[in-house]
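Hydrogens, waters and symmetry mates play no part in the numbers below; they use all other heavy atoms, side chains included. Numbering of ligands and ligand atoms starts at 1, following listing order. Bear in mind that the values here come from a model prediction, so they are computed numbers and not experimental data.
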Amino acid sequence: MPSSSNAESTAFRSALEVIRAVEPRVADAIGAELADQRESLKLIASENYASPATLLAMGNWFSDKYAEGTVGRRFYAGCQNVDTVEALAAEHARELFGAAHAYVQPHSGIDANLVAFWAILADRVEAPALKRAQARHVNDLTEADWFTLRRELGNQRMLGMSLDAGGHLTHGFRPNISGKMFDQRSYGTDPTTGLVDYDKVAEAAREFKPLILVGGYSAYPRKVNFRILREIADEVGATFMVDMAHFAGLVAGKVFTGDFDPVPHAHIVTTTTHKSLRGPRGGMVLCGPELAEQVDRGCPMVLGGPLPHVMAAKAVALAEARRPDFADYAQRIVANSQALAEGLLRRGATLVTGGTDNHLVLIDVTGYGLTGRQAEQALLDSGIVTNRNAVPQDPNGAWYTSGVRIGTPALTTRGLGTDQMDETAELIHTVLSQTRPGSNADGTPSKAKYTLEPAVSERIAKQASDLVAGFPLYPTVDLG
Ligand code: DSN
């Protein structure tokens, strides 16, 4: 029996050899991606490194199978093996999160949210309309009733966190389909503390009376009290939905429990599987029995054919997340994030909300005289991979922004700890404090141009790559 590390090296090497025989440039790009990831200090809050078992579960014959429908109830023959992996993924998800129902077909976070929105609309708007018309199916409605129902479906209200407070584009914002589907209003955060003000959320909910109250975020560095949000939803008759894509790993690892665990409080919870949860790129929906039937209609309602190879990988990753060491991993993510925040604060950085309770830190880079775009690029020149992000009431808008979002799930997977977070804070602070905003050709200030001495960026890039070199990425995988 080969050892696990030999087996992993052999598997990836053999796969590359097979690919190289057909299109060598693809094999080269795959190898180069691993090399780049190994070298860089990856601080993108939404990224991680899936396990070799998870990655390998995606490259196989399941990719060739159509499997519309649900386990045991498919629109295609021959789905018995897909049934096995989909049922396993759903079972692991239910057990891990304590949910009554799990739907593991969504291909991404947007897809998971669309499944949830349409499940809620079907439950709250379509089902009552069918009942009123004494129809069993939409096909049984008269043209006039169908016209009325379509208008009702397109005229519902959603209340979610504003984008610049850390909400997500798919929570009802105009550039996304959700903004075109819903009449949306958002709640912000307190201008002084940067924290969610639950009284203000309640006020907005009472006034607006949304059909859906959305909790969850992609750039808010604090815990959210989901019990309070549920109480607000109940008071105004809203369905409470939580998008936990960013912090699902912290829920799985029992860092967020009680009021901060969305699963017992929300009517429906969506997530991606590839962020802090450390699975394959994909999405998932959890709910109680009341919405289960509508959720299971996700495909073909808004999803194309399920991706059975990704569901297989979800089953593997969720099995990994049920192991005791995942809870330790989740705790280390937050310890690292807090150490990074403290290191930055000690060096004079300004952080939105003044710190973090979760996996991410949002630096307000206006304190360094920079836009988010300038800061992101200067950090990238220095081997530090982050992404720019709006801050509350951002004067620079969503493209240039005034913030840089950093997160610790990926570096924690590599094994970096709190000492290395302090070193990382030093590298980030050095780059940002040495970067100067640039000007346009006509002398006006540019929001994109900047100057950073190459000697500085080269030195920091070397320090960043030395730092991560001490924590080899995929140590069991040697591509030769
Ligand atoms: N793109 C993801 C993120 O970076 O937060 C969420 O959609």
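- Scanning for side chain to side chain donor-acceptor pair (under 3.5 Å) contacts around Glu231 gives Arg227, with sequence neighbours left out.
- Within 6.0 Å of CZ on Arg157 lie more than 12 heavy atoms contributed by other residues, nucleotides or ligands.
- If you look at ligand 1, the protein residues with a non-hydrogen atom under 4.0 Å away are Ser46, His168, Ser218, His246, Lys275, Arg405.
- Every residue two or more places apart in sequence or in another chain was checked for a side chain to side chain donor-acceptor pair (under 3.5 Å) with Tyr187, and none qualifies.
- Note on Glu47 versus Lys42: salt bridge recorded, some NZ/NE/NH1/NH2 to OD/OE distance being below 4.0 Å.
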For residues 309-316, which side-chain N or O atoms pair as donor and acceptor with protein atoms under 3.5 Å away, sequence neighbours left out?
{"unit_1": "Lys314", "atom_1": "NZ", "unit_2": "Val104", "atom_2": "O", "d": "2.7"}
{"unit_1": "Lys314", "atom_1": "NZ", "unit_2": "Pro106", "atom_2": "O", "d": "2.9"}
{"unit_1": "Lys314", "atom_1": "NZ", "unit_2": "Gly283", "atom_2": "O", "d": "2.8"}

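- The local environment of NZ in Lys180 is crowded, with over 12 non-hydrogen atoms from other residues, nucleotides or ligands closer than 6.0 Å.
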